[in-house]
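Residue numbers begin at 1 in each chain, while the letters A, B, ... track the order of the sequences.
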Number of protein chains: 2
Amino acid sequence: MKSALEARFRELCAEHGLAATHQRLVLFEVLQSMTGHPSPEEVYARVRKRIPSVSLATVYKNIHVFIESGMFREVSPHHGSLRVEVNELPHHHLVCVVCKSISDIDEWELGLLKKPKRLSDGFLVERYAVDVLGRCAACQEKS
Amino acid sequence: MKSALEARFRELCAEHGLAATHQRLVLFEVLQSMTGHPSPEEVYARVRKRIPSVSLATVYKNIHVFIESGMFREVSPHHGSLRVEVNELPHHHLVCVVCKSISDIDEWELGLLKKPKRLSDGFLVERYAVDVLGRCAACQEKS
DNA sequence: TTCGCTGCAAAGGTTTTGCATCGGA
DNA sequence: TCCGATGCAAAACCTTTGCAGCGAA
């Protein structure tokens, strides 16, 4: 018998024109079973337990496929490489989910942003991601 | 004569116990003169114009030194490797600026977070970073 | 049967590290 | 003078890519 999860997976694949391969099904189930913010290596290790011959490249490719299909998100909406913040004024960021370009938005301007979905520069707002920055309990103890 | 910027740089170095080397001064001035969110390679290219013999390793090392000293910030508080978001409920993130660990905070819980500086799990809140996610004008035209 | 998917290995890009030398305090 | 900073080259990651063979539709 097929699980409800597998049925849901096949549905999503059909919806996005994806082949429902065994590797993808296992990857999907593994991701659903994980908590936190797993890295590709961690996911790979889990998938490998069920498909020892799976390749890391396949895991990477399909994580991207899933993200592009909207089946999962990635934690950081930013580019992969280090970027230096050279604007010292309080501000936040507009991040394009397609090209990953980043532009600044003043703090006060963000405050006005409750309703409008499209900004004056044409940026179409989809959602907000808030990072609360600080020090975790463990790091406070160490210092 | 020394510029005000150089004086400020020497002050900051003294404050953080750093040697005020020529390379660091130039890096500092270059960063101050840039806009946007430059990558280490872009910064390196600019520094190189003034110190052709500078190494990329030195630029990397000192960008980190500056970030650790609080002289500059990095754009993404959790850059590094790809992480998959497996929590489908609306939530945001608590990011430790020291160890970069990420934990989830419910959307409703974030709403209550106007005043408290320390959360029940010991996390000490320093600031917020908001990413407004969406599509930039250019990417909307392309699709 | 067909086209997309997989595994493999190699390449590519980014960042870090070890070490001898140099130079700021 | 002395310890930290630099430059170089190599290594260490992380991720992507090319390609031959495989398998879902």
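For A/Glu29, the salt bridge (Lys or Arg N to Asp or Glu O under 4.0 Å) test picks out A/Arg50, with sequence neighbours left out. Listed by chain and residue number, A/Leu94 satisfy the side chain to side chain contact (heavy atoms under 4.5 Å, CB included) test with A/Ser103 (two or more places apart in sequence, or in another chain). The side chain to side chain donor-acceptor pair (under 3.5 Å) check on A/Glu126 picks up B/Arg135, with sequence neighbours excluded. In this view, A/Gln32 satisfies the side chain to side chain donor-acceptor pair (under 3.5 Å) rule with no residue, not counting sequence neighbours.
With a cutoff of under 4.0 Å to any heavy atom of chain A, the contacted region of DNA chain D is bounded 5' to 3' by D/dC14 to D/dA25.
Using cut-offs of 30° and 60° on the angle between ring planes, the pair B/Phe9 and B/Phe28 is tilted.
For the pair B/Val75/A/Val84, no side-chain contact is recorded, criterion being any heavy-atom separation below 4.5 Å from C-beta on. Proximity of B/Val132 to A/Phe123: side-chain heavy atoms (C-beta onward) are separated by under 4.5 Å at one or more points. Residues B/Tyr128 and A/Leu133 are not in side-chain contact: their nearest non-hydrogen atoms beyond the backbone lie 4.5 Å or more apart.
With rounding to whole Å, A/Leu56 atom CG is found 11 Å from C/dG7 atom P. Between the P atom of C/dT15 and the OH atom of B/Tyr44 lies a distance of 14 Å, rounded to the nearest Å.
Note on residues 39-48 of chain A: no pairs pass salt bridge (charged side-chain N to carboxylate O under 4.0 Å, His left out), not counting sequence neighbours. Pairs passing the ring-ring contact (aromatic ring centres under 6.0 Å, His included) check and including a residue from residues 77-96 of chain B, sequence neighbours excluded, read A/His37-B/His93, B/His91-B/His93.
Residue order along DNA chain D, read from the 5' end via each residue's closest nucleotide, puts B/Ser53 first among A/Glu41 and B/Ser53.
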Stepwise, does the side chain to side chain contact (heavy atoms under 4.5 Å, CB included) test hold for A/His64 with B/Leu82?
-> CA-CA 10 Å; A/His64 286 310; B/Leu82 174 65; 3.9 Å; yes
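Contacts between residues 57-68 of chain A and DNA chain C, defined by a heavy-atom separation below 4.0 Å, involve A/Ala57, A/Thr58, A/Lys61, A/Asn62, listed by number. Within residues 69-87 of chain A, the residues having any heavy atom under 4.0 Å from DNA chain C are, by residue number, A/Ser81, A/Leu82.
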Anything under 3.5 Å between a donor and an acceptor, one on a side chain of residues 19-26 of chain B, the other on a protein residue two or more places apart or in another chain? List them.
| unit_1 | atom_1 | unit_2 | atom_2 | d |
| --- | --- | --- | --- | --- |
| B/Thr21 | OG1 | B/Arg24 | N | 3.2 |
| B/Arg24 | NE | B/Asn62 | OD1 | 2.7 |
| B/Arg24 | NH1 | B/Ala19 | O | 3.0 |
| B/Arg24 | NH2 | B/Asn62 | OD1 | 3.3 |

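Each end of the helix from C/dT1-D/dA25 to C/dA25-D/dT1 gets its own rotation axis from five pairs of C1' atoms, and the angle between them is 40° to the nearest 10 degrees.
The environment of CZ in B/Arg73 is sparse: at most 12 heavy-atom neighbours from other residues, nucleotides or ligands sit within 6.0 Å.
Judged by distance alone, with hydrogens and angles left aside, the side-chain atoms of A/Ser69 form a donor-acceptor pair with the main-chain N or O of A/Val65 at under 3.5 Å.
In this structure, the separation between CG on A/Leu27 and OH on A/Tyr44 is 13.0 Å, given to the nearest 0.5 Å.
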Protein-nucleic acid N or O pairs under 3.5 Å, nucleotides 22-25 of chain C:
| unit_1 | atom_1 | unit_2 | atom_2 | d |
| --- | --- | --- | --- | --- |
| C/dA25 | OP1 | B/Ala20 | N | 3.1 |

